[in-house]
Amino acid sequence: MRSRPVQSLLGRLLAGYLRLVQRTNTFVWDGDGSADAAYARIGPLPVIVAMWHGQHFMIPFAKRPQDPAAALVSRHGDGEFNAIALARLGIRAIRGSGARGTKVREKGGAAAMRGLIKTLAGGEMVVLTADIPKVSRVCGEGIVMLSRLSGRPVVPVAVVTSRRLDFHSWDRASIGLPFGRGAIVVGQPIAVPRDADPETLEACRLRIEQELNAVHARAYGRIGAADPGAPSMASDAKSHAA
């Protein structure tokens with residue numbers, strides 16, 4: 001399963017499937033229904049697009065064709081075919097992932113942070129999960145520090161569909177199904193001051209966490225559903241929603 005040919009095939013299949021989902025769902029943008037209006041509200045690019053783990057499959061639908069973007073993708077496990085799929089969807093991969101303590105170097109976190117800062121400085125927006133592996137829906141410190149060091153704001157984004165598969169995985173993953181309705185919600189930018197003290201950093205971390213939950217609640221509300229991955233609903237989440 002981890003051989004290069006198999007990973008390449010899986011990546012191509014995933015990208016093809018996501019294109020099918022995008023073409024066969026009717027998506028609405030929060031607000032006045034315009035992608036350009038949503039981007040205008042967040043101000044100048046590049047920005048740091050924040051998402052929750054498990055919601056990454058649909059995020060490419062929120063990217064406009066003209067905007068260069070890169071995404072942080074794990075070095076291990078399913079990272080390779082995810083990177084291949086993203087490349088076919090027009091998003092460059094930066095390999096590495098968040099971690100705690102001594103595992104930061106092992107998982108490539110420090111090198112990834114440098115790559116993300118360089119990418120933002122070059123004018124590309126970056127996409128990454130706000131929560132770290134195995135700790136779902138709790139914002140980690142990494143995305144806060146990236147905003148502080150790069151000077152670019154964090155923008156919470158949610159993309160959901162009415163027909164989807166919801167999994168009982170640690171990250172409460174969802175993937176859209178064809179022939180439904182979809183919603184794309186882009187939240188307000190959250191800037192982290194370069195001179196932020198620990199209290200300010202914690203306040204920014206909590207705000208990112210709250211805003212990510214809020215944009216997901218709004219997105220699901222637009223399609224007449226409730227967020228199955230929300231903390232208050234996690235125990236009641238279904239394995240399949242239609």
Side-chain angles (χ1 to χ4, degrees), residues 30 42-43 46-59 62 69-74 79 82 94 96-104 107-110 112-117 119-120 125-160 166-167 169-174 184-220 226-235 237:
D30 196 38
I42 67 177
V47 296
I48 302 163
V49 174
M51 60 184 175
W52 285 137
H53 263 98
Q55 307 303 308
H56 60 284
F57 294 111
M58 316 300 289
I59 286 294
L72 184 63
V73 179
S74 171
N82 275 323
I94 297 174
S97 60
R100 289 179 170 178
T102 58
K103 291 187 177 181
V104 170
K107 290 179 175 291
M113 178 66 79
R114 292 193 295 270
L116 290 166
I117 294 171
T119 295
L120 288 162
M125 63 180 176
V126 301
V127 184
L128 68 157
T129 52
D131 47 353
I132 65 174
K134 307 303 181 182
V135 187
S136 176
R137 302 288 180 115
V138 176
C139 182
E141 298 175 354
I143 196 167
V144 180
M145 294 307 298
L146 176 61
S147 179
R148 179 189 183 187
L149 294 171
S150 68
R152 305 308 306 165
V154 176
V155 178
V157 175
V159 182
V160 304
D166 296 325
F167 300 96
S169 55
W170 72 267
D171 56 4
R172 305 157 194 169
S174 293
I184 303 173
V185 176
V186 177
Q188 293 297 316
I190 301 166
V192 180
R194 289 184 183 272
D195 59 351
D197 58 21
E199 290 77 15
T200 302
L201 292 174
E202 175 62 8
C204 291
R205 188 195 69 79
L206 288 172
R207 187 180 172 201
I208 293 169
E209 186 176 301
Q210 292 161 359
E211 288 297 315
L212 266 171
N213 285 330
V215 295
H216 278 83
R218 277 213 316 276
Y220 277 102
D227 179 5
S232 61
M233 296 188 63
S235 61

Quiz item: Could you state the interatomic distance from CE (Met125) to CD1 (Ile48), rounded to the nearest 0.5 Å?
Solution: 12.0 Å

Quiz prompt | Ala70 versus Ile94, closest heavy-atom pair with distance | solution = CB-CD1, 3.9 Å

Practice problem: For Val135 and Asp131, work out which heavy atoms get closest and say how close. | Solution: O-CB, 3.3 Å

Quiz item: What distance separates Leu120 CG from Ser147 OG, expressed to the nearest 0.5 Å?
Solution: 9.0 Å

Quiz item: Taking the side chain as C-beta and beyond, is there a heavy-atom pair between Gln55 and Asp227 under 4.5 Å?
Solution: no

Quiz item: Hey, what do you get for CD1 (Ile132) to CD1 (Ile143), rounding to the nearest 0.5 Å?
Solution: 12.5 Å

Quiz item: Does the side chain to side chain contact (heavy atoms under 4.5 Å, CB included) test come out yes or no for Leu201 and Val192, once each step is laid out?
Solution: CA-CA 7 Å; Leu201 292 174; Val192 180; 3.8 Å; yes

Quiz item: Between Ser136 and Asp171, does any side-chain donor sit less than 3.5 Å from a side-chain acceptor?
Solution: no

Quiz item: Roughly how far, to the nearest 0.5 Å, is CD of Gln210 from SG of Cys139?
Solution: 10.0 Å

Quiz item: What's the shortest heavy-atom distance between Ala191 and Cys204, and which atoms?
Solution: O-SG, 4.1 Å

Quiz prompt | Closest contact, heavy atoms only, Val159 versus Ala62 | solution = CG2-CB, 3.9 Å

Quiz item: How many angstroms lie between atom CZ of Arg152 and atom CG of Leu146, to the nearest 0.5 angstrom?
Solution: 11.0 Å

Quiz item: Just by distance, do the side chain of Arg148 and the backbone of Asp195 share a donor-acceptor pair under 3.5 Å?
Solution: no

Quiz item: Counting distance only, does the side-chain N/O of Thr129 pair as donor-acceptor with the main-chain N or O of Trp52 below 3.5 Å?
Solution: no

Exercise. Flag the pair Pro156 / Ile190 as yes when at least one side-chain heavy-atom distance between them is below 4.5 Å, and no otherwise.
Key: yes

Quiz item: How many angstroms lie between atom OG of Ser150 and atom CD1 of Ile117, to the nearest 0.5 angstrom?
Solution: 6.5 Å

Self-check item: side chain to side chain contact (heavy atoms under 4.5 Å, CB included) evaluation trace for His56 with Asn82
Solution: CA-CA 10 Å; His56 60 284; Asn82 275 323; 4.2 Å; yes

Self-check item: Note, Arg172 side chain near Pro228 side chain (heavy atom, < 4.5 Å)
Solution: no

Quiz item: How far apart are the closest heavy atoms of Ser174 and Tyr220, and which atoms are they?
Solution: OG-OH, 3.9 Å

Quiz prompt | Minimum side-chain heavy-atom gap Pro193-Thr200 below 4.5 Å | solution = yes

Quiz item: With a 4.5 Å limit on heavy-atom distance, are the side chains of Val215 and Gln188 in contact?
Solution: no

Quiz item: Could you walk me through whether Val138 and Arg205 pass the side chain to side chain contact (heavy atoms under 4.5 Å, CB included) check?
Solution: CA-CA 9 Å; Val138 176; Arg205 188 195 69 79; 4.0 Å; yes

Quiz item: What is the minimum heavy-atom distance between Val144 and Ile208, and which atoms define it?
Solution: CG2-CD1, 4.0 Å

